[in-house]
Amino acid sequence: DVTAISRTASKKEESLGFGAVGFVETCNQASIDAAKSTLDVILNTSSGVVGMDMYLSMLKPRGVMSCVGLPELDENNKTKFFPQSIVASEKSIVGDYLGAHHEYDEMLAFAAKHKILAQIETSPLEEVNQAVARVKDNAVRYRMVLVM
């Protein structure tokens, strides 16, 4: 089963429509508490700074948090966590920046076979500065594509 995680409930209905069976709102402590120790894997695609301990608390013992999104490389964006969040329960934090080419081929073939399409917004290349600002303000649903 898939559980979607987002800061607010604004993406809940879309997430459930995409096939998620659960939803965690990270700005809602009751939602976080209800998800504690319930997830086997968290695929963290966030490019923002996140509270690692909060996410790690949602993992079952021996759970894995895979980080594939990266915040801007800036001293203020360093992620902190307490080692106690992973040691006693044998949880892991892993990262993967790019997969192998054959993995991309498999993913794209799977998406084509099942008619899975990306959720995007488009913007003319001439409006690149406004598009980047919208991305930084988290105002884009889900990816921004510049059109030439």
Side-chain angles (χ1 to χ4, degrees), residues 1-100 103-104 106-123 127-146:
D1 290 340
V2 173
T3 298
I5 302 172
S6 189
R7 284 181 307 201
T8 67
S10 66
K11 295 180 183 175
K12 182 176 183 176
E13 293 308 314
E14 286 174 296
S15 300
L16 298 175
F18 291 149
V21 297
F23 188 86
V24 178
E25 183 181 345
T26 61
C27 287
N28 178 326
Q29 190 60 48
S31 182
I32 296 166
D33 291 344
K36 285 198 174 168
S37 300
T38 62
L39 306 175
D40 296 303
V41 175
I42 295 176
L43 179 61
N44 179 5
T45 62
S46 174
S47 59
V49 178
V50 298
M52 297 291 279
D53 294 300
M54 172 192 58
Y55 285 94
L56 293 167
S57 74
M58 292 185 245
L59 288 173
K60 293 178 182 177
R62 296 191 177 157
V64 177
M65 180 167 165
S66 179
C67 300
V68 296
L70 296 171
E72 289 184 46
L73 190 57
D74 180 290
E75 187 68 26
N76 295 322
N77 290 341
K78 280 191 174 180
T79 299
K80 299 176 185 177
F81 75 98
F82 289 104
Q84 292 86 337
S85 296
I86 62 172
V87 174
S89 54
E90 299 178 355
K91 296 175 184 175
S92 300
I93 301 171
V94 299
D96 191 4
Y97 188 59
L98 296 172
E103 291 172 328
Y104 284 111
E106 289 175 22
M107 176 191 63
L108 292 172
F110 180 88
K113 178 181 177 182
H114 297 282
K115 296 181 176 33
I116 299 170
L117 303 174
Q119 300 295 314
I120 64 167
E121 289 186 31
T122 60
S123 178
E127 297 175 14
V128 64
N129 292 335
Q130 294 93 324
V132 170
R134 290 194 63 232
V135 170
K136 286 185 175 184
D137 290 340
N138 292 312
V140 174
R141 279 291 231 274
Y142 290 90
R143 295 290 180 253
M144 176 63 72
V145 175
L146 297 173

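Scanning all heavy atoms of the two residues, the minimum distance from Arg7 to Glu25 falls at O-CG, 3.4 Å. Nearest heavy-atom pair across Ser37 and Lys60 is O-CG, 3.3 Å. Residues Cys67 and Met52 come closest through the heavy atom pair SG-CE, 4.4 Å. Closest approach of Met144 and Ser123 over heavy atoms only: SD-CB, 3.6 Å. Across Thr26 and Met58, no two heavy atoms sit closer than the pair CG2-CE, 4.5 Å. When every heavy atom of Asp53 is checked against every heavy atom of Phe82, the shortest pair comes out as OD1-N, 3.0 Å.
Of the possible polar contacts, none joining the Lys12 side chain to the Phe23 backbone as a donor-acceptor pair under 3.5 Å is found. Within the 3.5 Å criterion, the main-chain N or O of Gly22 finds no donor-acceptor partner in the side chain of Asp1. Between the side chain of Glu90 and the backbone N or O of Arg62 there is no donor-acceptor pair closer than 3.5 Å. Looking at Lys11, its side chain never comes within 3.5 Å of a backbone N or O of Ser6 through a donor-acceptor pair.
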key: Worked check of side chain to side chain contact (heavy atoms under 4.5 Å, CB included) between Ser85 and Lys91   = CA-CA 8 Å; Ser85 296; Lys91 296 175 184 175; over 6 Å; no
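Using a 4.5 Å heavy-atom threshold, the side chains of Tyr55 and Ile5 count as touching. Side-chain atoms of Ile86 and Leu59, non-hydrogen and from C-beta on, never get closer than 4.5 Å to each other. Between Glu14 and Gln119, the closest side-chain pair of non-hydrogen atoms is not below 4.5 Å. The side-chain heavy atoms of Arg141 and Glu121, taken from C-beta on, include a pair separated by under 4.5 Å. Considering only heavy atoms from C-beta on, Thr38 stays 4.5 Å or farther from Thr3 through its side chain.
Interatomic distance, CG of Leu56 versus CD of Gln84, reported as 11.5 Å (0.5 Å rounding). Distance check: Ile32 CD1 to Gln29 CD gives 4.5 Å after rounding to the nearest 0.5 Å.
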